[in-house]
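What follows is one structure encoded as structure tokens, with my remarks underneath.
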There are 2 protein chains.
Amino acid sequence: MSSAKQNHAILSERLKSCDVRPTPQREVVLKVILGKRDHPTADEIFARVKSSMPTISLATVYNCLDTLVQCGLIRQVNLERAPTRYCPNLDQHAHFHDEATGEIHDVHLPEDLMIRLKEVLPAGFDARSIDLTFRGKAAPTLTHGTN
Amino acid sequence: MSSAKQNHAILSERLKSCDVRPTPQREVVLKVILGKRDHPTADEIFARVKSSMPTISLATVYNCLDTLVQCGLIRQVNLERAPTRYCPNLDQHAHFHDEATGEIHDVHLPEDLMIRLKEVLPAGFDARSIDLTFRGKAAPTLTHGTN
DNA sequence: CTATATGCAAATAGTTTGCCTGTTA
DNA sequence: TAACAGGCAAACTATTTGCATATAG
């Protein structure tokens, strides 16, 4: 029931609903990001995309990523002096950056905390997005979240 | 009462308390960051430092910044595909990144929220630092926080 | 005196830009 | 067919590295 054609239709719809042209490049970039619950860099996405679309260019990958982030179809993760990473998870969540392994884990944020976070802003500040990142060590044996 | 000599002694002490050698370069880098409540980039810090120490190199500024961040004497702010910024404010606080102006404002975080934030982590995750950044628009007439 | 930090210049890596061609609505 | 998106290569910018010299404890 989830043929390539349907998949294409779904991706195409998602893009149209954001008022952006559903180009094959945008669809495939979105597809590879949604296809894995990790936090790839633009280069990693480029590599994955090339296997199904060998002609795509890195500049186009960057363009698509920018568009998809703008649309809110994917999220961007900013780390310390490291390449930007991209995140398929659209749920309200934070990131835990493991300093030892470099891995990123998603951490679920309860709704009441989100509300509390927004309350912290003084009047006149209107937050369009909230970025919460923890940095530290994760117990090596546990396998919470995604990297 | 706050002569240059005392200032030097204070900065020197701060560095020693972190087990790093209090070199003149580290002191002056720390001094210029503490001297203004904004969020300069490495380049901006380099420019400010050069006025009192024209011989310093950019590479040394980066080294000093890394050291100072490691020590916890300053903080680092990671933005989306933009140069890293540095922050003199050591209080528990978040950042509000104004998308229109690019300015960064400090936002105070109440203690109970910090506690709540740490509670959100699953067992086995030990956070050494928490980074909270809001992105959006600030009312132009208001002048909360620092940029 | 020895470990460590600095300065300089060159290298690297991530990202952006310009320009021309191709594609979408 | 008009506006917009893609491909390519070159440019740019932030940051890092290697190595010789200087400095702190």
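Residue numbers start from 1 in every chain, and the chains themselves are labelled A, B, ... in the order their sequence lines are given, proteins ahead of strands. Because only heavy atoms are used, hydrogens play no part in the values below, and waters and symmetry mates are left out as well, while side chains stay in.
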Strictly by salt bridge (charged side-chain N to carboxylate O under 4.0 Å, His left out), give each pair with a member in residues 49-64 of chain B just once, sequence neighbours left out. none
Which residue pairs pass the salt bridge (charged side-chain N to carboxylate O under 4.0 Å, His left out) test when at least one of the two sits in residues 64-87 of chain A, sequence neighbours left out? A:Glu44-A:Arg85, A:Asp66-B:Arg81, A:Glu80-A:Arg135, A:Arg81-B:Asp66
Positional range of nucleotides in DNA chain C within the contact set of chain A, heavy-atom, under 4.0 Å: C:dG14 to C:dA25
Could you check which residues of residues 56-74 of chain A get a heavy atom under 4.0 Å from DNA chain C? Sort them by number, please. A:Leu58, A:Ala59, A:Tyr62
Mind running a 4.0 Å heavy-atom check of residues 19-30 of chain B against DNA chain C and sending the residues that fall below it, in number order? B:Arg21, B:Thr23, B:Gln25, B:Arg26
With B:Lys36, which residues qualify under salt bridge (charged side-chain N to carboxylate O under 4.0 Å, His left out), at least two apart? B:Asp38
What pair of heavy atoms forms the shortest contact from [X] to [Y], and how long is it?
{"X": "A:Gln76", "Y": "A:Asp131", "result": "O-OD1, 4.2 Å"}
{"X": "B:Asn89", "Y": "B:Asp91", "result": "OD1-N, 2.9 Å"}
{"X": "B:Phe134", "Y": "A:Ala127", "result": "CD2-CB, 3.8 Å"}

Could you tell me the boundaries of the chain A footprint on DNA chain D, defined by atoms under 4.0 Å from its heavy atoms? D:dA3 to D:dT16
Considering every strand and a 4.0 Å limit on heavy-atom distances, what is the contact class for A:Thr55: base, sugar-phosphate, or nothing? sugar-phosphate
Within a 6.0 Å radius of atom CD on A:Glu99, are there more than 12 heavy atoms belonging to other residues, nucleotides or ligands? yes
Residues 21-29 of chain A, side-chain donor-acceptor partners within the protein, below 3.5 Å, at least two apart:
{"residue": "A:Thr23", "atom": "OG1", "partner": "A:Arg26", "partner atom": "N", "Å": "3.2"}
{"residue": "A:Arg26", "atom": "NH1", "partner": "A:Arg21", "partner atom": "O", "Å": "2.9"}
{"residue": "A:Glu27", "atom": "OE1", "partner": "A:His8", "partner atom": "ND1", "Å": "2.5"}

Using rotation axes that map the C1' atoms of four end pairs onto the next four (five pairs an end), what angle separates the end axes of the helix from C:dC1-D:dG25 to C:dA25-D:dT1, to 10°? 50°
Do A:Phe125 and A:Met114 sit in the same hydrophobic cluster, where Ile, Leu, Val, Met, Phe, Trp and Tyr count as joined when their side-chain heavy atoms come under 4.5 Å apart? yes
Verdict with reasoning, B:Arg116 to A:Asp112, per side-chain contact (heavy atoms from CB on, under 4.5 Å): CA-CA 10 Å; B:Arg116 187 81 184 72; A:Asp112 69 291; 2.7 Å; yes
Name every donor-acceptor pair, under 3.5 Å, that has one atom in a side chain of residues 55-62 of chain B and the other anywhere in the protein, sequence neighbours excluded.
{"residue": "B:Ser57", "atom": "OG", "partner": "B:Thr60", "partner atom": "N", "Å": "3.2"}
{"residue": "B:Ser57", "atom": "OG", "partner": "B:Thr60", "partner atom": "OG1", "Å": "3.0"}

Sequence neighbours excluded, which residues qualify as side-chain hydrogen bond (donor to acceptor under 3.5 Å, both in side chains) partners of A:Gln92? none
Name all pairs fulfilling the side-chain hydrogen bond (donor to acceptor under 3.5 Å, both in side chains) condition that reach into residues 9-19 of chain B, sequence neighbours left out, sorted by first residue then second. none
From CA spacing to verdict: side-chain contact (heavy atoms from CB on, under 4.5 Å), B:Ile130, B:Lys118: CA-CA 9 Å; B:Ile130 301 179; B:Lys118 280 170 194 153; 3.9 Å; yes
Mind checking the CD1-CG spacing from B:Ile74 to B:Leu34? Nearest 0.5 Å is all I need. 8.5 Å
